[in-house]
Each structure stands twice: as C-alpha cells, then as structure tokens.
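To start, the structure itself, in structure tokens.
Below, all heavy atoms of this structure are taken into account, side chains as well, without hydrogens, waters or symmetry copies. The first residue in the sequence is number 1, and the count goes up from there.
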Amino acid sequence: ETPYVKLVTQLFGDQLIIANATGCSSIWGGSAPFSAYTVNSQGHGPAWANSLFEDNAEYGLGIHLAYFQRRKKLVRYVEQALHLPSDLIQEDLKKELSMWLECRDNRAKSRVAAQRIKVLLCGSGFGGAPAGVALDVHPYLRAIYRHKDLLAKKSMWMIGGDGWAYDIGFGGIDHVIAMGEDVNILVLDTESYSNNSGVMSKATPRGAIAKYATLGKGTKKKDLGRLAMTYGHVYVASVAIGADKNQLVKALYEAEHYNGPSLIIAYSACIEHGIKGGMSHSHKQMKRAVESGYWTLYRYNPTRLKRGKNPLIMDSGQPRGELADLLTNEVRFSSLTLSHPQQAQKKHDHLALDIAERQRQYGALDSLYRRKVPSASPSPSSSDSDDLLDDSFTAGDWNGVQEEAGAKLPIAYEDS
C-alpha cells in the first residue's frame, strides 16, 4: 500500500488533500514516527484527514464541495477586481488575475499564477507592509488576499482499502462518482479486510482462504472497475506497481488531470496473502498476478471517446504466465490444497474460469468500442505514444511529473 501513497504525494505534493478511510492505510498513515507521505524541498506536503469506514467518500465529497464553493466566490472577487480603475489596481496585477481566470483549473499553471499574484498583492499593501496600510486597499483585493490559499488548484483524493470501497463504503463511492465532481478515488486492494486480520471482502477472489471463508471463498470477486465504467463519465484504471510502474504513473496523472471523477484500483500485496519468502517478494508476486491474467492492467479514459478514439486501453495484454505459479506462492491459496485438496482443485478451477471470463468480457468491450469508434485502432499498449490526456496537457507538464516523481517515462509528448 505505502508505495502507492508515496507516489501520489510525489506527484501532487502540497496541493494534495486526502480523505483517508479507516483501515490499514489510516493506521500506518496517521501514526508516528513512520509516514509514507512525502514533502517537497520546502517541507510542504499534503493535507490529511481520517473519516469513518462507512462514510469516507461522502466525507471527501464534503471537503471538495466546500473548497469548490469557496473558490467560486474567489472567482467572483477576481472578476470584480478586473473592473477596478487603474488607480486602484496595478496593471501587472490585473494582467496576472486575468491569466489566472483562464488557467485556474490547471493545477500546474494555476500554481505559478498564484505565486505571482501573491507577490503583486504584497506590493499592494499586504505582506511586509506597515500595519494599517492594507486597510487602504480596495475590498476586492483584500478578499483575494484573504482567500489566497485557493488560487492554486487543489487535488482531492479519497483513499482506502477494498473493505471500504467494495463493501461498507461502496454506496458512498457510487454516490460520489455518480455526481460527476472532479475528485479522485484510490482503492488499495488487498482483497480482504487487512486491518481486521484478513476478513473476507467482496474483493476476495474465489478459492482464497480468509476469515469467514475457511474453505475458500465460494463466489467470484466483484468487478468494481467495470461497474464504474457503466456511468461513462468516470476515469477508471487498474494498476499494479510491481508489474508496470510506468503504467501506474500515467494512470495517476491522467486521473488527476481528468475533469471529473476518477477511480484507481491498485493491487496491493498484503501480509495476509502469505507470500512465500515474505513481503520482500511482493513485487514479484504482483508481476506473476498480471502475467497470469489474475490481475488486469487497463485504463478507461472517457475523453478519448470524445476525440473519436478507443477509451479502453488494455495495458497488460493477453495472459502469458501460469496461474498455478501465483497460487502456489501464496498461503491463502496453497493451504487449502493441503487441507482439502478436492475443494481446492474445484475452487481453483472455478477461479481460472472467472479469470478467463473477465478477459473475455474486457476483450468484448474493447472490440465494441473499436466498432463504435471506426477510427479507433486496437487497444494500444502502455508503451504506445498516444495523447492520453486532455488537450491542455503539455510536454512541459509531463517533464514536471518526471522531475517530481523521479520516474523515467519512455514517452515524448508534444505541446498541444
């Protein structure tokens, strides 16, 4: 779980607001002295808060809506300030405020504009000016200065485990993504209630042993990503850091840049899986999961469909590994083979059928979009050069991502 959170803070830094559902991620995320949350060279990092297991999505939505309403008020102040006569507002400040109005929904550009506006506002009687001087400044400028923390666009993320996202908090997540607000949801999918010592969840796959499923879960795993795709306006991605780091970085940045709700489902190896050799082998196990087809890497980007392109990008391709290699390396699967070999064989065979059925369904969805969008080519791989982001996204933005995250991305994006 922790590498995902570390990467999110590296990418989006001090503009990040996190609503963290109670669970493993809130325990290691909110305790001392260890923290996966990073800071920049100025020591600035994300704003973090923890809510109950059952209402974290609504809690995060409330934070977002409050921020959105405050920012709407700031926009009105700026628009009114632009109509002030030249003796009440500097021409340079007027120019910067006008530019901010145009780029306010672009995180990188609004941040630069915010820094310039703050400097110019200080020259208008704020900041280090003598006490009382600011009182002579026009009320609109005072209001802008008072709300200066809203000038740079924030990045709102709701983070939690599969117990929250698939089970107890699913109604809240469904409500949030249905509203179409510009929020991001990161699901750290350990396929069980990890903080409750591995209780079965709807994310637990068929045949895996968990609490309340001592003979292996008898039903298939819920497909949270495909449920979200049915809305048509939700950015959805399935990622695994141990299998493809480049795909993960692109998915996170595409999700944050997407103007609407996004859902990132991140495969997270857990101590409850009983990986042979220990958690130091978790990345190898993630790779086995993807290669065997057990975990599928994809990105569904609705903006591509608007441009006449296939919105579904199947990053993992066809399975090329053996499912048995994955199952024998995890105690949650292999222990059932030792205790109840016939039950294990039956359920593991059903698991293989579940995986094949999911592959068929996503393949059919890919073919459907290709027929629906005549100009769309077959799903590109994660290494294909493609305009995966909005038209306002430039090569300079990608370079900034690589510098912040330390990621080496093999793609050259040209300015739109």
Side-chain angles (χ1 to χ4, degrees), residues 8-18 37-48 63-64 66-84 86 88-131 133-134 136-157 182 184 252-253 256-257 259 389-390 392-406 413 415-416:
V8 168
T9 57
Q10 284 176 307
L11 287 172
F12 312 126
D14 58 352
Q15 303 306 314
L16 185 63
I17 301 175
I18 296 172
Y37 296 93
T38 59
V39 296
N40 60 19
S41 56
Q42 286 78 43
H44 300 158
W48 180 94
I63 295 172
H64 164 75
Y67 160 74
F68 180 76
Q69 291 300 323
R70 289 180 64 213
R71 210 160 188 249
K72 277 179 66 177
K73 188 179 291 186
L74 174 62
V75 169
R76 289 200 298 271
Y77 290 142
V78 171
E79 289 173 339
Q80 290 165 339
L82 289 175
H83 291 94
L84 293 175
S86 57
L88 293 177
I89 182 172
Q90 301 172 35
E91 193 59 37
D92 287 347
L93 178 56
K94 202 170 185 177
K95 181 181 176 182
E96 290 297 337
L97 289 174
S98 180
M99 290 177 63
W100 177 83
L101 278 178
E102 295 178 7
C103 71
R104 66 182 184 272
D105 291 326
N106 183 296
R107 189 177 63 88
K109 293 177 181 178
S110 68
R111 185 175 183 175
V112 174
Q115 292 171 342
R116 291 172 178 166
I117 290 170
K118 289 174 187 177
V119 170
L120 290 169
L121 282 173
C122 288
S124 299
F126 292 102
V133 174
D136 297 329
V137 177
H138 195 279
Y140 291 156
L141 297 183
R142 285 208 301 271
I144 294 171
Y145 186 79
R146 194 167 61 249
H147 294 85
K148 62 184 182 295
D149 63 305
L150 302 172
L151 288 168
K153 184 179 184 291
K154 303 294 188 288
S155 181
M156 182 70 220
W157 286 78
D182 187 13
N184 308 287
L252 288 172
Y253 212 89
E256 197 276 340
H257 195 73
N259 186 23
L389 303 167
D390 280 345
S392 59
F393 197 72
T394 68
D397 295 321
W398 259 119
N399 292 336
V401 177
Q402 295 185 61
E403 290 172 6
E404 283 188 73
Y413 285 85
D415 287 347
S416 301

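- Put simply, the side chain of Arg70 never gets that close to the backbone of Tyr67: no donor and acceptor are under 3.5 Å apart.
- Looking only at distances, a side-chain donor or acceptor of Arg71 sits under 3.5 Å from a matching main-chain atom of Leu151.
- Listed by chain and number, the residues in a side-chain contact (heavy atoms from CB on, under 4.5 Å) with Val39 amount to none (sequence neighbours excluded).
- Put simply, the side chain of Asp105 does not reach to within 4.5 Å of the side chain of Asn259, judged on heavy atoms.
- Closest heavy-atom contact between Ile144 and Ala81: CD1-CB, 3.9 Å.
- Between Ala114 and Ala152, the shortest heavy-atom distance links the atoms CB-N, 3.8 Å.
- The main-chain N or O of Met156 is found under 3.5 Å from a side-chain atom of Asn184 such that the two form a donor-acceptor pair.
- Between Trp100 and Val75, the closest side-chain pair of non-hydrogen atoms falls below 4.5 Å.
- Residues Ile117 and Val78 are not in side-chain contact: their nearest non-hydrogen atoms beyond the backbone lie 4.5 Å or more apart.
- A side-chain contact (heavy atoms from CB on, under 4.5 Å) with Pro46 holds for exactly one of Val8, Ile17, Leu16; it is Leu16.
- Taking the six-membered ring where the residue is Trp, Trp157 and Phe12 present parallel rings, their angle staying beneath 30° rather than reaching 60°.
- Within a 6.0 Å sphere centred on OH of Tyr37, other residues, nucleotides and ligands contribute more than 12 heavy atoms.
- What you find for Leu84 and Lys94 is that their closest heavy atoms are O-NZ, 3.5 Å.
- A 4.5 Å side-chain heavy-atom check between Glu96 and Leu120 finds at least one atom pair inside the cut-off.
- The side-chain heavy atoms of Tyr77 and Gln80, taken from C-beta on, include a pair separated by under 4.5 Å.
- For the atom pair Lys154 NZ and Asp182 CG, the distance stands at 13.5 Å (nearest 0.5 Å).
- In this structure, Lys153 contributes its side chain and Lys109 its backbone to no donor-acceptor pair below 3.5 Å.
- Side chain of Ser110 to backbone of Asn106: a donor-acceptor contact under 3.5 angstrom is found.
- Once rounded to the nearest 0.5 Å, the distance linking CD of Glu91 with CG of Leu93 reads 9.5 Å.
- Interatomic distance, CD of Glu79 versus OG of Ser98, reported as 10.5 Å (0.5 Å rounding).
- Heavy atoms from other residues, nucleotides or ligands lying under 6.0 Å from NZ of Lys73 number 12 at most.
- When atom types are taken as modelled, the side chain of His147 and the backbone of Ala143 share a donor-acceptor pair closer than 3.5 angstrom.
- Rounding to the nearest 0.5 Å places CG of Asp149 at 8.5 Å from CG of Leu74.
- Counting heavy atoms from C-beta on, the side chains of Trp48 and Thr9 never come closer than 4.5 Å.
- Under the 30°/60° scheme for interplanar angles, the aromatic rings of Tyr140 and His138 are found to be tilted.
- Considering every non-hydrogen atom in both Arg111 and Gln15, the closest pair reads NE-NE2, 3.9 Å.
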